[in-house]
S.K.: 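Following this message is one structure expressed as structure tokens.
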Amino acid sequence: FIIVRKIGRKYIEEKFIKMIMKKSGEERIKMGCDMNETAKRLVIASVFQKNLSSSEEDIKIAILDRFYGNEVSPEMKKEFIRKIRLKLDT
């Protein structure tokens, strides 16, 4: 069963890549931007689902955490959060 899943996954992945490569560069960029926007909206919806009175700051920090949480050091993350808070306070 696992082998079948791997073969199926590889087949689907190859078909997906072929489908994407048939599109123009402009179409691929638009798709990427659309996916990014959808991901942001999902993060925002989940923040509000947890707390309806979430602030703009809460949303920006959640987006930072979900998009880049594992890719930046804790120190850099703290600095980004500090800048988010500073920018929103001014």
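Bear in mind the structure is a predicted one, so any value in this text is a computation, not a measurement.
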S.K.: Please set out all donor-acceptor pairs under 3.5 angstrom arising from side-chain atoms of residues 24-33, sequence neighbours excluded.
M.R.:
residue, atom, partner, partner atom, Å
Ser24, OG, Glu27, N, 3.1
Ser24, OG, Glu27, OE1, 3.3
Glu27, OE1, Ser24, N, 2.7
Arg28, NH1, Lys23, O, 2.7
Lys30, NZ, Asp34, OD2, 3.0

S.K.: In sequence, state the C-alpha distance, the side-chain angles, and the governing distance for Glu14 and Lys10, and then conclude on side-chain contact (heavy atoms from CB on, under 4.5 Å).
M.R.: CA-CA 6 Å; Glu14 287 172 1; Lys10 184 175 179 165; 3.1 Å; yes
S.K.: Tell me the salt bridge (Lys or Arg N to Asp or Glu O under 4.0 Å) pairs involving residues 69-78, sequence neighbours left out?
M.R.: Asp65-Lys77
S.K.: Listed by chain and number, what are the side-chain contact (heavy atoms from CB on, under 4.5 Å) partners of Asn70, not counting sequence neighbours?
M.R.: none
S.K.: Any idea which heavy atoms bring Phe48 and Ser54 closest together, and the distance?
M.R.: CE2-O, 3.6 Å
S.K.: Taking side-chain contact (heavy atoms from CB on, under 4.5 Å) as the criterion, tell me which of Glu79, Lys60, Glu56 meets it with Ile84.
M.R.: Lys60
S.K.: Just jot down the side-chain contact (heavy atoms from CB on, under 4.5 Å) partners of Arg41, sequence neighbours excluded, or say none.
M.R.: Glu37
S.K.: Give a yes or no on whether Tyr68 atom OH has more than 12 heavy-atom contacts from other residues, nucleotides or ligands under 6.0 Å away.
M.R.: no
S.K.: If you apply the rule side-chain contact (heavy atoms from CB on, under 4.5 Å), what do you find for Val47 with Ile63, and how did you get there?
M.R.: CA-CA 9 Å; Val47 169; Ile63 290 170; over 6 Å; no
S.K.: Using side-chain contact (heavy atoms from CB on, under 4.5 Å) as the criterion, list what pairs up with Ile17, not counting sequence neighbours.
M.R.: Glu13, Met21
S.K.: Please name all residues satisfying side-chain contact (heavy atoms from CB on, under 4.5 Å) with Phe80, sequence neighbours left out, ordered by chain then number.
M.R.: Leu64, Val72, Met76
S.K.: Rounded to the nearest 0.5 Å, what separates atom CD1 in Ile61 from atom CD1 in Ile81?
M.R.: 5.0 Å
